[in-house]
Amino acid sequence: MYLSQSEEKILRGDRGWALAKAMKLIVTLGELGDAEKLVSIRKAQISGVSYKTVGDSNLELLEMLAKEKIKTKINATLNPAGMDLDRWEEMGIPQFFAKKQLRICNAYEKLGIKRTCTCTPYLSGNKPSFGEMVGFSESSAIAYVNSVLGAKTNRHGGLDALSAALIGKVPLMGYLLHENRRANLFVNVKFKPKNEADYAALGYFIGKSTQADDVPVFNGLANATPDNLKLLAAASAASGAIALFHVLGVTPEIKRIEKGGITRRLSTIEVTSEVIKSIYDELSANIKPNLIAIGCPHCSLKEIKTIAYMLAGRMIREKMKFWVFTSPQVFSKAEKKGYINMIKTSGGDVFKHTCMVVAPIEEMGFECVLTNSAKASFYIPRLTKNRCQAGLHSLLDCVRLATNK
Amino acid sequence: MEFEAKVIQGWMNEIIGKILITRSKLSFLGDIDADTGEIVGWDIDIKGKIIYDKILIFPGSRGSTVGSNVLYGLSRKGLAPKLIATCRAEPITISGAIFGEIPMISNLSEAIFNHFKNDDFGSAKIIDGKAYIKQIIKDK
């Protein structure tokens with residue numbers, strides 16, 4: 001792989017061990033991916049933030065890096081933390097957890113990474129444009145910006161996205177190259193999605209049914225909204241490793257792909273309503289829920305508005321919590337519009353910076369969560385060591401189950 | 001039966017260990033208990049087994065990009081596999097293995113799933129920059 005003189009110098013250690021280590025990782029990834037060179041990026045998204053998921057060893061690594069006085073020069077944003085950074089006490093987060101979480105966020109901040117703490121940077125001040133090459137981690141955001149925005153990123157891990165942010169470069173390979181963005185799998189959707197959770201179930205099925213470098217193209221989803229595709233993307237990147245998909249009549253690269261031949265080699269999957277039902281069966285809970293959690297990925301302003309109006313005139317049952325999760329930017333907008341107050345009036349709450357997947361909900365008395373996110377349904381039992389169950393339901397069903405009406 | 005592979009994170013001498021093999025894709029976040037190294041994903045055929053000290057063979061990763069951080073953490077806690085062996089190498093697993101200094105090989109043929117069994121013992125060596133992995137004792 002070609003390296004410029006300044007890249008060689010960083011690799012040699014001329015600018016310290018930390019940047020050398022970051023450069024070594026990026027160069028190794030490039031060599032393994034047959035990249036011809038590195039390319040500059042202006043945006044990165046860094047996962048590996050919640051103390052619950054990364055623990056003490058990553059905290060120590062980050063504090064060690066933070067001591068080196070190196071700072072990213074690009075727009076780099078953080079994934080959700082394990083708590084609302086301002087209202088963690090109200091959430092019921094244990095104090096020892098909060099202390100560690102704040103240390104992680106402080107270390108990232110010293111490295112120049114903004115503590116926006118969201119999995120939807122594209123709704124929160126870090127939105128890649130069509131065709132722009134970026135270095136994103138956060139599996140759901142990768143699938144969303146590649147597919148829905150037509151930006152270009154590989155499926156970076158938290159550590160390599162951090163390295164890419166620090167040196168401002170990624171290897172030119174994989175999904176950054178046009179030939180790897182063509183579809184190879186035709187997904188014929190033979191059922192009509194009734195609600196947003198059906199899109200999540202569809203994504204979950206596709207993730208399960210595909211290999212890592214598969215690029216599906218969906219037929220039959222012409223009415224999908226960006227919020228629907230956000231849930232689909234997240235689920236397909238949880239049960240599987242989907243980094244990019246196309247939707248006929250909807251996503252921005254579809255025309256170019258049609259012109260250049262839609263596929264590499266085409267195989268077909270049909271998705272029927274029976275298949276979707278089997279996914280709901282797999283992602284179901286068998287005890288009474290005590291938390292309804294919406295916002296995996298973080299809610300858009302439109303989704304918060306829908307929730308606010310659905311809850312209007314209803315009250316959340318006693319012994320039940322109804323929590324909505326979003327980014328700090330979307331939270332501020334929703335607050336100005338009065339949606340946050342509407343949700344609170346009904347007995348619900350809205351938290352920022354975090355979500356039900358990465359907050360320590362099993363330490364907070366929750367035993368069963370209902371959600372419209374297949375991604376969250378996949379991770380909650382796994383990350384709580386089965387101390388908390390999860391079930392996939394539409395938002396409307398969640399509201400009905402949580403309220404008296 | 002011996003398989004050739006690409007070296008991702010190298011090592012000295014020969015690695016000998018018990019084989020833990022699955023055809024399932026793995027997410028190091030969620031499918032593996034970060035405190036014990038136990039496989040906890042309910043749809044994985046080797047659920048309940050421990051990855052610590054094993055030669056862990058799987059086709060490729062799925063799920064969370066935090067997998068790299070979890071792998072690094074497993075290594076720091078002394079819970080890492082002796083060797084990670086995959087058919088496809090993705091940045092998530094590669095960066096965890098490199099930061100955690102966990103030996104890793106990739107580009108294995110899928111045929112390995114027909115020949116290697118759980119609890120067999122395996123051996124892995126690097127010769128002239130290429131990795132070779134084989135069973136040495138078959139489980140009875």
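Numbers restart at 1 for each chain; the letters A, B, ... are given by sequence-line order, proteins then strands. These numbers come from the heavy atoms of this one structure, side chains and all, not from hydrogens, waters or symmetry mates.
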(request) Could you tell me whether the side chain of B:Leu29 reaches within less than 4.5 Å of the side chain of A:Leu383, counting heavy atoms only? (result)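 With C-beta onward as the side chain, the pair touches.
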(message) Contact between B:Arg76 and A:Glu60 at the side-chain level, heavy atoms closer than 4.5 Å - yes or no?
(response)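 They are in side-chain contact.
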(request) Count the heavy-atom pairs under 4.5 Å between each of B:Ile32, B:Asp33, B:Val40 and chain A, then report the option with the highest count. (result)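 Option with the greatest count: B:Asp33.
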(request) Using a cut-off of under 4.5 Å on heavy-atom pairs, state which of B:Asp31, B:Asp35, B:Val70 scores highest against chain A. (result)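 If we count pairs closer than 4.5 Å to chain A, B:Asp31 comes out on top.
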(request) May I ask you to decide if B:Ser64's main-chain N or O and A:Tyr379's side chain share a donor-acceptor pair within less than 3.5 Å? (result)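 Yes, the answer is positive, given that a donor and an acceptor are paired below the 3.5 Å cut-off.
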(request) Could you tell me the separation between the CD1 atom of B:Ile98 and the NZ atom of A:Lys24, rounded to the nearest 0.5 Å? (result)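 These two atoms lie 5.5 Å from each other.
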(request) With chain A as the partner chain, list the residues of residues 2-17 of chain B whose heavy atoms fall under 4.5 Å from it, by residue number, and write 'none' if nothing qualifies. (result)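 Within residues 2-17 of chain B, near chain A: B:Lys6, B:Val7, B:Ile8.
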(request) Tell me the residues of residues 104-113 of chain B whose non-hydrogen atoms fall below 4.5 Å from those of chain A, in number order. (result)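 Not one residue of residues 104-113 of chain B has a heavy atom under 4.5 Å from chain A.
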(message) So for B:Ser61, is it side chain, backbone, both, or neither that comes closer than 4.5 Å to the heavy atoms of chain A?
(response)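 Backbone plus side chain of B:Ser61, per the 4.5 Å heavy-atom cut-off to chain A.
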Contacts table for residues 44-59 of chain B: side-chain donor-acceptor under 3.5 angstrom, sequence neighbours left out:
residue: B:Asp45; atom: OD1; partner: B:Thr22; partner atom: OG1; Å: 2.6
residue: B:Lys54; atom: NZ; partner: B:Ile50; partner atom: O; Å: 2.7

(request) Could you tell me whether the side chains of A:Ser47 and B:Thr65 share a donor-acceptor contact shorter than 3.5 Å? (result)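 Result is yes, a qualifying pair exists.
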(message) At a 4.5 Å cut-off on heavy atoms, which part of A:Ser140 comes close to chain B: side chain, backbone, both, or neither?
(response)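 A:Ser140 has no heavy atom closer than 4.5 Å to chain B.
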(message) Suppose we screen for salt bridge (charged side-chain N to carboxylate O under 4.0 Å, His left out). Which residues come up paired with A:Lys21, at least two apart in sequence or across chains?
(response)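 So A:Lys21 forms no salt bridge (charged side-chain N to carboxylate O under 4.0 Å, His left out) with any residue.
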